[in-house]
Amino acid sequence: MLFEKLKKNANTCNNNIRIEPKNLHCDFERAISKAAKTIFPNTNIKYCIWHYKKSLEIKKNKLCYNEVKNNNNIFIYYKAISNLPFINPEYIFDIYVIIKIKSIKNNYCQFLKFLEYFYKTYLIDYDMKIWNYYNNIEHITNNASESLNNYLNNLFPTKPSFYKLIDELNELEHLSYYDYQRKIRGIWKIKKRAINKANEISVLIERFKSIEAKLIDAKCDRNKIINLWFDCLTNLNNII
């Protein structure tokens, strides 16, 4: 219903010109993404990397916390899995298989349970394209909507009266308009740290894309490209 109202109001306010968002960032909520796709079929759904990493961390703590903490090799494998959203998706399954084979060989029993969870959840249940940002590292989280949600919770800690609700939302609408006017004039307030981190990731991925292209042109073996992206994951560990 929310997406239907958004579409109807957007079309009404824009002289019936069809409005459809290019991207929708959300949590790993199938109901939200399914509803959005129903109303906006051409919208690109992207799941939040922060929630991806948080989910893996929770499962790691439950299944293999001590193994990851006490074994550097397992820690590197875990970090590699957590950084998979940034690399070429064509090689993600290959890297998963390599990590699993090495874990079996070294009898990393608890970590293998974690790998099974990752496989069933993110390689089978979810479409990899939805949580992979290889071709668009500019916006990788839904922090903006999370911030707005927290803001509204603070604004209305208890259920407001109807009139108070309208007054507060009207005030919020004016603030949003002023913020929009500032941004179209080029005045942005974005955390420098967040910009730097995204830029570092983007630069690193572009460098490995270039190396991959050269390997492909040289008709190198596929395994060399897989190892290349595994090296990229190791490099990402120093950034994230």
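Each residue takes its place number in the sequence, starting with 1.
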Next on the checklist: Between the side chains of Lys113 and Glu116, is the shortest nitrogen-to-carboxylate-oxygen separation below 4.0 Å, so that they form an ion pair?
Outcome noted: no

Checklist entry - What is the distance from atom CH2 of Trp131 to atom NZ of Lys46, rounded to the nearest 0.5 Å? => result 10.0 Å

Checklist entry - Should the pair Phe118 and Tyr52 be assigned to parallel (<30°), tilted (30 to 60°) or perpendicular (>60°) ring geometry? => result perpendicular

Checklist entry - Which distance, rounded to the nearest 0.5 Å, do you find between the NZ of Lys102 and the CG of Asn106? => result 9.0 Å

Next on the checklist: Taking the six-membered ring of Tyr122 as reference, does the cationic atom of Lys59 (NZ for Lys, CZ for Arg) lie under 6.0 Å from its centre and within 45° of its axis?
Outcome noted: no

Next on the checklist: What verdict does the side chain to side chain contact (heavy atoms under 4.5 Å, CB included) test give for Phe86 and Ile49, after you've listed the backbone C-alpha separation in whole Å, the side-chain angles of each residue and the deciding distance to 0.1 Å?
Outcome noted: CA-CA 9 Å; Phe86 299 111; Ile49 284 183; 3.6 Å; yes

Next on the checklist: Would you say that more than 12 heavy atoms from the other residues, nucleotides or ligands in this model lie under 6.0 Å from the NZ of Lys79, or not?
Outcome noted: yes

Checklist entry - Between Phe93 and Tyr119, how do the two ring planes meet: parallel, tilted or perpendicular, split at 30° and 60°? => result tilted

Next on the checklist: Hydrophobic clusters here meaning ILVMFWY residues chained together by side-chain heavy-atom distances under 4.5 Å, can you tell me if Ile58 and Tyr47 are in one?
Outcome noted: no

Checklist entry - Parallel, tilted or perpendicular: which fits the ring planes of Phe208 and Trp229, with parallel below 30° and perpendicular above 60°? => result tilted

Next on the checklist: Measuring from atom CD1 of Ile239 to atom CG of Leu204, what distance do you get when rounded to the nearest 0.5 angstrom?
Outcome noted: 4.5 Å

Checklist outcome for this item: Heavy-atom nearest pair, Cys232 first then Ile87, reads SG-CG2, 4.3 Å

Checklist entry - Could you give the distance from CG (Leu233) to CD1 (Ile99), rounded to the nearest 0.5 Å? => result 7.0 Å

Checklist entry - Please walk me through it: do Leu115 and Ile81 pass side chain to side chain contact (heavy atoms under 4.5 Å, CB included)? => result CA-CA 9 Å; Leu115 290 177; Ile81 294 292; 4.1 Å; yes

Checklist entry - Does Lys60 make a cation-pi contact with Tyr78 (under 6.0 Å, within 45 degrees of the axis)? => result yes

Checklist entry - Out of curiosity, does Ile76 fall in the hydrophobic cluster containing Phe114 (side-chain heavy atoms, cut-off under 4.5 Å, transitive links)? => result no

Next on the checklist: When you compare the side chains of Asn88 and Glu212, does any donor N or O come within less than 3.5 Å of an acceptor on the partner?
Outcome noted: yes

Next on the checklist: Test of understanding: clusters of I, L, V, M, F, W, Y form through side-chain heavy atoms closer than 4.5 Å, transitively. Do Ile124 and Ile130 belong to the same one?
Outcome noted: yes

Next on the checklist: Are Tyr108 and Ile104 connected into the same hydrophobic cluster when the rule is that any two of I, L, V, M, F, W, Y join if their side-chain heavy atoms are below 4.5 Å apart?
Outcome noted: yes

Next on the checklist: A quick test of your reading: do over 12 heavy atoms of other residues, nucleotides or ligands sit less than 6.0 Å from OH of Tyr117?
Outcome noted: yes

